[in-house]
**Student:** 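Please find one structure pasted underneath; my questions will follow.
Atoms considered below: every heavy atom in the structure, side chains included; atoms not considered: hydrogens, waters and symmetry mates. As the structure is a computational prediction, the values presented were derived from the model and not from experiment. Counting convention: from 1, in listed order, for ligands and their atoms alike.
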Amino acid sequence: MPYTSVIRREVFRHDGISLADEQEAVARRYTTNPRLLHWVHEMVDLCTPDTVHWCDGSKDEYDFLAGLMCETGTFIRLNDGLRPNSYFCRSDPADVARVEDRTFICSYKPEDAGPTNNWRNPAEMKGILHGLYEGAMRGRTMYVIPYSMGPIGSPIAKIGIEITDSPYVVCSMSIMTRVGKEVLAALGPDSDFCRGLHSVGMPLEKEQPDVPWPCNEKTKYIVQFPETREIMSYGSGYGGNALLGKKCFALRIASAMARDEGWLAEHMLILKLTDPKGESIYVAGAFPSACGKTNLAMLTPTLPGWKVETVGDDIAWMKFGDDGRLYAINPEAGFFGVAPGTSMKSNASAMQTITRNSIFTNCAITGEGDVWWEEMSDKPPAYLVDWMRRPWTADSGRKAAHPNARFTTPASQCPVIAPEWQDPKGVPISAILFGGRRATVMPLVNESLSWQHGVFLGSIMSSEKTAAAAGKIGVVRHDPMAMLPFCGYNMGDYFSHWLKVGGATTSDKLPRIFYVNWFRKDAKGKFLWPGYGENSRVLKWVFERVTGRADVVETPIGRLPKPAAIDLSGLDLSRDTLKQLLTVDTQGWLAEIPLIKQHFAQFGDHLPQGLRDEVAKLEAGLRKGL
Ligand code: TSX
Ligand code: MN
C-alpha cells in the first residue's frame, strides 16, 4: 500500500521530529537523487503541508484518491453499468479554462520572452510567488508526482516532478502521463528534471471544511522559467493550468529545451496513414483550437481501404534520428479533450475511448449517473443536472455542459491507437500539416515550395472569427504553428529555430509541409468541403505527394493539386466545387499581404530574414499573375 508513505505532520510534531526529517527518511525509500530530495525538502518547508505523499502511480493509489474525492464531494462516481470506473467532476465556475493573461514567461531578458508573451523578471516573480506559496498547503496533503513525458527511457522522453496539493491533479496526471517508481528509477541518482510546483492556493485552517473544488478566486499565476526549466502554478486546479506536464512542460519549457538542443516541441497531433496496399506514412499536424485536431487524429476515412491510426492528439516532440529523418513521439499518455461536439458522428473513436476509466470535468450528469454534453446525441436526455449544479431540460435556454468541458482518458483505450504509439524511438514524420479556420482565401490543401516556404506558411497560420454586429466579416487572427500561447521564448527566435532545423538534414529527408483548410465557404456561407472522414481524400493526396506520385500545379502560394488528383469517388461533390476549393484567390492573397507584414512587424529584428524574403517572393509572384 502506498499510503504508509504518508507522513502526518501532527504526529511527528509532538515527538520533536520535524516533518522535514521524517519525510526525508520516507523520501529516501523512493529516491536518492540529491536534487530531488533537496527540492522536495525545501518545498515542504515553504508550503507547510500537513502530510507528504510520494505518488507511485499504482491503481491502488488512483482508486484511493478517487475514493477520497468522492468523500469530499469533488468526484461523483458514474454508474458502473454505464461507464465503469469513471468519475464526474465540477470545477469552481471561476476556474474553467487556461488563463492566458495570468501566464508568464520569466526569462532574464524581456526580449527572450518576446512580444507575444507576458514577461516578468524571474527574481521578482519568485519573490511574489514565494509569498503566495508560504503556508499555501496548510491543512492539505502535498503530493510528489514523478512523471515521464514520453515512454520511460526513450531518448526523446523527459522527466518532470510535479508537487501539488490537488488529488484531482494526481489522478489526471496518472492518466495523462507515465507516473511512478519506474520514473524515479529512470531518473536515477544523478539526472536533473523539470521542477513544477502547483498549489490550488487555498490553505485550510483548523476545522475549516474543504470545498469540492478548491482554488483561489482572486489570484492566479501560471509561470514558466525556461532558463532554469521550472514551473510555478498557483490558484487554479484546471487542466493546462494545473496538469503541469502538458502545456507548461511539454510545450513552454520543452520548446526552450528544443531550441537549445536542436529539436522541436510542437502543438501537433501525430497520425499514421496507411494506404490500401498496406504502405504507411506518419503525419504531424498543427491546428489552432476549434479546428478539430483530435477528430483528425482519430479520423475514420471514407475512402475504402485507407486507414488512420492515432499516435497523439495534441503534442509532438520531434528529433532527428541517425538516419537524418525527423522522429516524433507523443509525450503524453492520455487525451484531455474538449467534450462538447464530440459524438459518434464527429469522432466515434474518441467516444469508444471514453467508455471507461475516464474523468469528466464540467459536463452535465444524467439521472442514470452518466455524462452528457451538447451534440453528444441528437436528442438530449429528458433530464440533466448541468455543470453549474442546476436542473436542466432542453428548453432551459442554456448549455448543459461548459463549452470547455473535458474528458481525461487513457490513450491506450483508443480503438485506433497505432500499435507503435509508445515506440521509444518515435515514428518518422513524412509530412507536416498546418491549418486554420478560414472561410475565404486559403485553399483546401497547398504544399510548400521548400522548407523555408513551409515555415512561412506555418508562421502565417490563421483562423478567423466571424465578427457579429460590427459587420466586419473575418477578423483574421494569426496563431503561428498553433503555438501563440505555448511558445516559451521569443516567437521570432522560434521561427529562426524552425529555419535552422531545415538545415540539419538533407531536403529529401525533411518532412514535406502542407497547409490545409477544411473550412472554406461559398458566397452563401455554406461549407464547400464536407470535412471529417472525407478529409481522407486530402490525406491520400498528401500520401501520394510524399511517395512521389501525385501531380501538382506550381503557383506563387505553393503547389496545388490538379483537381483531377483529388479522389472524389463516392462523394457527391462537383468538380466545379473542387476547383473553387483549389484556386489561387490572387486578390484575396494580395489583401492578406499587409496583414502578414503587420503580424511580422511585432517581432522586429528577431524576425528571420528568410521569412521576410518569403513575403517579398509571394507578393512579387502574386503581382506577376495579375
Ligand atoms: O473536426 C472537424 N473537422 C476535422 C475532422 C477530421 N470539424 C469540427 C470543427 C470543430 C471542432 C469540422 N467542421 C470539419 C472537419 O474537417 N469541417 C467542418 C465544417 C463542416 C461542418 C458541417 C458540415 C460540413 C463541414 N456538414 C455537412 O457537410 C453536412
Ligand atoms: Mn492543445
Side-chain angles (χ1 to χ4, degrees), residues 97-98 100 176 239-241 243 245-252 254-255 265-271 273 283-303 306 308-310 312-316 330-332 334-351 373-376 378 403-408 416 433 435-439 442 444-445 461 463-466 479 481-487 516-522 524-539 542 571-573 577 581:
R98 288 187 301 101
E100 288 183 14
M176 293 304 297
N241 298 333
L243 315 179
K246 196 176 177 67
K247 303 305 189 183
C248 302
F249 182 17
L251 290 175
R252 297 195 191 102
S255 63
E266 299 300 325
H267 191 198
M268 289 181 180
L269 64 89
I270 309 164
L271 64 82
L273 176 63
V283 178
F287 296 82
S289 56
C291 288
K293 204 156 81 184
T294 302
N295 298 343
L296 183 61
M298 301 176 192
L299 171 133
T300 309
T302 51
L303 280 178
W306 287 79
V308 167
E309 290 160 287
T310 313
D313 83 323
D314 197 39
I315 301 176
N330 169 11
E332 302 190 278
F335 307 125
F336 182 66
V338 174
T342 307
S343 67
M344 288 307 285
K345 275 190 208 151
S346 69
N347 195 337
S349 295
M351 292 301 286
W373 48 76
E374 276 64 28
E375 290 172 61
M376 184 192 210
D378 289 335
N404 193 35
R406 298 280 174 153
F407 52 76
T408 311
V416 295
L433 309 183
R437 188 184 259 269
R438 295 292 304 266
M442 299 296 164
L444 177 63
V445 57
M461 260 176 66
S463 278
E464 64 207 6
K465 287 215 164 144
T466 332
D479 182 359
M481 282 87 164
M483 283 290 277
L484 201 61
F486 305 119
C487 187
V516 300
N517 176 23
W518 320 130
F519 301 94
R520 188 92 176 238
K521 289 180 177 171
D522 67 13
K524 291 188 202 117
K526 191 177 163 286
F527 285 113
L528 285 167
W529 181 250
Y532 298 98
E534 306 296 358
N535 293 338
S536 57
R537 300 169 193 278
V538 173
L539 293 178
V542 167
L571 178 65
D572 183 20
L573 188 104
T577 303
L581 283 159

**Student:** Decide, counting backbone as well as side-chain atoms, whether K247 has an N, O or S atom less than 2.8 Å from the Mn ion (ligand 2).
**Tutor:** yes
**Student:** Return yes when at least one protein heavy atom is under 4.0 Å from atom 9 (C) of ligand 1, and no when none is.
**Tutor:** yes
**Student:** Any nitrogen or oxygen of W529, side chain or backbone, less than 3.5 Å from one on ligand 1?
**Tutor:** no
**Student:** With respect to R437, determine whether any N or O atom, backbone or side chain, lies less than 3.5 Å from an N or O atom of ligand 1.
**Tutor:** no
**Student:** Does N241 use its side chain to pair, donor to acceptor, with the backbone of A97 at less than 3.5 Å?
**Tutor:** yes
**Student:** Strictly inside 4.0 angstrom of atom 26 (N) of ligand 1, do you find any protein heavy atom?
**Tutor:** no
**Student:** With a heavy-atom distance limit of 4.0 Å, tell me whether L299 approaches ligand 1 through its side chain, its backbone, both, or neither.
**Tutor:** side chain
**Student:** So T294 and F335, do their side chains get closer than 4.5 Å, heavy atoms only?
**Tutor:** no
**Student:** Would you check if the side chain of R437 reaches a backbone N or O of A290 as a donor-acceptor pair within less than 3.5 Å?
**Tutor:** yes
**Student:** Is there a side-chain contact between T342 and E375, using heavy atoms and a 4.5 Å cut-off?
**Tutor:** no
**Student:** Can a non-hydrogen atom of P530 be found less than 4.0 Å from any atom of ligand 1?
**Tutor:** yes
**Student:** Do M442 and R520 come within less than 4.5 Å of each other through their side chains, counting heavy atoms only?
**Tutor:** no
**Student:** Just give me the atom name: the N, O or S atom of D314 closest to the Mn ion (ligand 2).
**Tutor:** OD1
**Student:** Could you tell me whether A290 approaches ligand 1 through its side chain, its backbone, both or neither, with non-hydrogen atoms closer than 4.0 Å?
**Tutor:** backbone
**Student:** Tell me whether the rings of H267 and F486 are parallel (<30°), tilted (30 to 60°) or perpendicular (>60°).
**Tutor:** perpendicular
**Student:** Identify the heavy atoms of S536 and P301 that sit nearest to each other, and give their distance.
**Tutor:** CB-CB, 3.5 Å
